[in-house]
Amino acid sequence: MRMLRMGADAVLVEVGGLTDAVALHARLVADPPPGVVDIVPAARTVLVRADPRMLSLEGVRAWITRAAATAAAPPATAAAVIVPVVYDGADLAETAALLGTSADALAARHESTAWTVAFTGFAPGFGYLIGDGWDLDVPRRASPRTRVPAGSVALAGAFSGAYPRDTPGGWQLIGTTDAVLFDPDAARPALLAPGAAVRFAASRAVSVGRRETESERAQPPGSGIRVVAAGARATFQDAGRPGRAAEGIARSGAADAPAWALANRLLGNRPHAAAIEVVLGGFRAVAERDLAVVVTGGWAPLTIDGRARDPYVVHPWPAGSELRMDAFLAGARAYLAVRGGWLVPPAVGSRSTDTLSGLGPAPVRTDDRVAVGDETAGPIPALPLHPWGLPPVATDAAPLDIPFVPGPRGGWITIASRRALAAAVWTVSADADRVGIRLDGPVLDRARTDELPSEGMSPGAIQVPPSGLPVVFGADGPVTGGYPVVGVVTATGRARLAQVRPGDRVRLRPTVPPTTGA
């Protein structure tokens, strides 16, 4: 067992293989100490994330060492999750032929196998199932489908799984289920959570219709605003969904968390109240009642009822008047917040829009009507006239510094590439959004040619894909990934990256000297 640092708040525990990872995960979830936020199993690792205000990384390592040395708990006695399935998948016959058997025989073996959820990833509620005695290695499709229907039961490698929602995918489809695999309103949203025992039960027919999403349900009553123009991109964001990564649920939340939190403090809102994250401007809305409003983050030219107003100052927004946020003078994201917060349907305890998984409210659209909530904590505080300046911006003369700590897989790139990572001036590519930001610059050469099995990820993870150009995961980044993480951007760095635009120049600045990694 080896423990590697994954940023400032997480430890990546590397073990011998999948069976060892499942066993260690079971020991860790049995008795986590206060301060542990996430315990995320993967193919041969377990990622443990903690709140550093409650538990230091040294404390995390000591707890993991003790837990790993304890005797394994007796097998769980909970009843297996029964998943009804019709073995009618589009790839069933072809997959059976590849394995040298018949479609009926493959379906019968799949049904008779006792399965366990080893880990989740790819999408909320998508479980990677391992089977007792299942020794088949199923090749993935040479060309992944652009859309796999929700409810599809599939095989890939040594795993089985079921798709909770429509997504792209390269697994071989062998059947269909109508089980509710992911319910954002449930206390345990993922039906197939790590450690759960699963049995598939053949059925004559299942009814798989289009599943209604949380964002499509009825909007709450009440008045607030009518959106005249949503701009380039606008989403609802709050503190996100920490502690759900083991269920395949990303943290999400405001990309520039300090700017979002400041908006709520200025308005006297509760700390978790939702704001609208507006990208690059172009947002217009009319108030349907008298409101108090503030804009933080990117520097947005702001007008209310045709009169110029400053960001970072609370202003009245009278009923019937229009608020405009024109093209930003600096930064990429601004937070439009009102006293009481925006009242939109929560999903898994958060009103954040996860742009990768589709979890949470739909992005804001023209003609939407958005209600105002009552998430207030006290009066609007009396503060000096906005003492906050422009957000840090990158210029040709002075690239923006992005602090990071070395990642657990630094040894997967060459020594020269590790030096280049910290010395080069990188350009933000057009491939930049809430999921991740690709940086253009020198190609980072691999020191190893083998493949890295999927393992837990963190926001800010700096991955190096085969192209050699680093990608920094954002708030909506996946919870697992299969490319080496050579660094993890700090919270301060993630807030700065939230404000960069394509073409901006940045430097990745290590906060501690780089090491050889693993």
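The basis for the numbers below is simple: all heavy atoms, side chains too, and nothing from hydrogens, waters or symmetry mates. We number each residue from 1, following the sequence as shown.
- Separating the CZ atom in Arg284 from the CD1 atom in Ile225 is a distance of 13.0 Å, to the nearest 0.5 Å.
- Residues Asp38 and Val48 are not in side-chain contact: their nearest non-hydrogen atoms beyond the backbone lie 4.5 Å or more apart.
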| message | With side chain to side chain donor-acceptor pair (under 3.5 Å) as the criterion, how do Ser429 and Asp440 come out once you've worked through the C-alpha distance, each side chain's angles and the decisive distance to 0.1 Å? | response | CA-CA 6 Å; Ser429 79; Asp440 289 334; 4.7 Å; no
| task | For side chain to side chain contact (heavy atoms under 4.5 Å, CB included), just list the numbers for Leu266 and Ile380, CA-CA rounded to whole Å, side-chain angles, deciding distance to a tenth of an Å, and then say yes or no. | result | CA-CA 7 Å; Leu266 292 174; Ile380 295 175; over 6 Å; no
| Hey, mind stepping through Trp63 and Asp31 against side chain to side chain contact (heavy atoms under 4.5 Å, CB included) and telling me if it holds? | CA-CA 10 Å; Trp63 165 63; Asp31 189 25; 5.5 Å; no
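- To the nearest 0.5 Å, the span separating CG on Asp9 from CG on Leu57 amounts to 7.0 Å.
- Of the possible polar contacts, none joining the Asp354 side chain to the Ser252 backbone as a donor-acceptor pair under 3.5 Å is found.
- Listed here is the closest heavy atom pair of Gly477 and Leu356: C-CD2, 4.2 Å.
- Trp260 approaches Ala275 most closely through the heavy-atom pair CD1-CB, 3.8 Å.
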| task | Please test Leu291 against Val372 for side chain to side chain contact (heavy atoms under 4.5 Å, CB included), starting from the C-alpha separation and ending with a verdict. | result | CA-CA 9 Å; Leu291 301 171; Val372 174; 3.8 Å; yes
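- Looking at Asp51 and Arg53, a side-chain N of the basic residue comes within less than 4.0 Å of a carboxylate O on the acidic one, giving a salt bridge.
- Two rings, from Phe182 and Tyr163, have their centers 6.0 Å or more apart.
- Atom-to-atom distance recorded for His315:NE2 and Ile304:CD1 is 6.0 Å, nearest 0.5 angstrom.
- Side-chain atoms of Ser417 and Asp445 include no donor-acceptor pair closer than 3.5 Å.
- Residue Arg251 places its CZ atom among 12 or fewer non-hydrogen atoms of other residues, nucleotides or ligands, all under 6.0 Å distant.
- Aromatic ring orientation, Tyr128 versus Trp171: perpendicular (interplanar angle above 60°, classes split at 30° and 60°).
- In this structure, Val370 and Trp342 have side chains that are in contact, with non-hydrogen atoms separated by less than 4.5 Å.
- Counting heavy atoms from C-beta on, the side chains of Asp368 and Arg365 come closer than 4.5 Å.
- For the atom pair CZ (Phe283) and CD1 (Ile276), the distance works out to 4.5 Å, reported to the nearest 0.5 Å.
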| task | Could you go through the salt bridge (charged side-chain N to carboxylate O under 4.0 Å, His left out) check for Arg324 and Asp326 one step at a time? | result | CA-CA 6 Å; Arg324 296 178 58 108; Asp326 291 326; 3.2 Å; yes
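- Within the 4.5 Å cutoff, the side chain of Met6 has no heavy atoms near those of the Leu4 side chain.
- Side-chain N/O atoms of Ser352 and Asp238 include a donor and acceptor closer than 3.5 Å.
- What you find for Pro124 and Pro164 is that their closest heavy atoms are O-CG, 3.3 Å.
- Proximity of a side-chain donor or acceptor of Ser321 to a complementary backbone N or O of Pro318 within less than 3.5 Å is detected.
- Contact check for Leu439 versus Leu469: no side-chain heavy atoms found under the 4.5 Å cut-off.
- The shortest non-hydrogen separation linking Ala10 to Leu47 is CB-CD1, 3.9 Å.
- Between the side chain of Arg5 and the backbone N or O of Pro408 there is no donor-acceptor pair closer than 3.5 Å.
- A salt bridge does not link Arg241 with Glu247: none of the charged nitrogens is closer than 4.0 Å to a carboxylate oxygen.
- Classification of Arg44 and Glu455 as a salt-bridged pair fails, no side-chain N sitting under 4.0 Å from a carboxylate O.
- Put simply, OG1 on Thr492 and CG on Leu497 are 11.0 Å apart, with the number rounded to the nearest 0.5 Å.
- When each of Arg434, Arg233, Gln237 is checked for a side chain to side chain donor-acceptor pair (under 3.5 Å) with Glu277, only Arg434 meets the rule.
- Judged by distance alone, the side chain of Arg496 and the main-chain N or O of Asp401 form a donor-acceptor pair under 3.5 Å.
- Taking 4.5 Å as the limit, some side-chain heavy atom of Pro41 sits within range of a side-chain heavy atom of Pro194.
- Environment of OH in Tyr483: sparse, with no more than 12 heavy atoms of neighbouring residues, nucleotides or ligands closer than 6.0 Å.
- What you find for Ala193 and Val117 is that their closest heavy atoms are O-CB, 3.2 Å.
- The main-chain N or O of Ser350 is never found under 3.5 Å from a side-chain atom of His272 such that the two would form a donor-acceptor pair.
- When the side-chain hydrogen bond (donor to acceptor under 3.5 Å, both in side chains) test is applied to Asp431, the partners found at least two apart in sequence or on another chain are Arg438.
- Without hydrogens or angle criteria, Gln499 side chain to Ala332 main chain gives a donor-acceptor distance under 3.5 Å.
- By the 4.0 Å N-to-carboxylate-O rule, Asp166 lies close enough to Arg147 to be salt-bridged with it.
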| request: Dump the intermediate steps for side chain to side chain contact (heavy atoms under 4.5 Å, CB included) on Arg409 and Leu452, then the final yes or no. | output: CA-CA 10 Å; Arg409 303 301 182 188; Leu452 182 68; 4.0 Å; yes
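- Closest non-hydrogen pair, Leu28 versus Ala67, comes out as CD2-CB, 3.6 Å.
- Remark: side-chain polar atoms of Asn264 are not paired, donor with acceptor, to backbone N or O of Asn269 under 3.5 angstrom.
- Atom-to-atom distance recorded for Thr490:OG1 and Ile402:CD1 is 8.0 Å, nearest 0.5 angstrom.
- Using modelled atom types, no side-chain atom of Thr376 and backbone atom of Gly378 make a donor-acceptor pair closer than 3.5 Å.
- Residues Val500 and Leu400 meet the side-chain proximity criterion, which asks for heavy atoms closer than 4.5 Å.
- Within the 4.5 Å cutoff, side-chain heavy atoms of Val293 are placed close to those of Leu336.
- Between the side chain of Arg339 and the backbone N or O of Leu267, at least one donor-acceptor pair lies under 3.5 Å.
- A side-chain donor-acceptor contact under 3.5 Å links Arg165 to the backbone of Ser357.
- Remark: the Arg49 side chain and the Ser458 side chain contain an N/O donor-acceptor pair separated by less than 3.5 Å.
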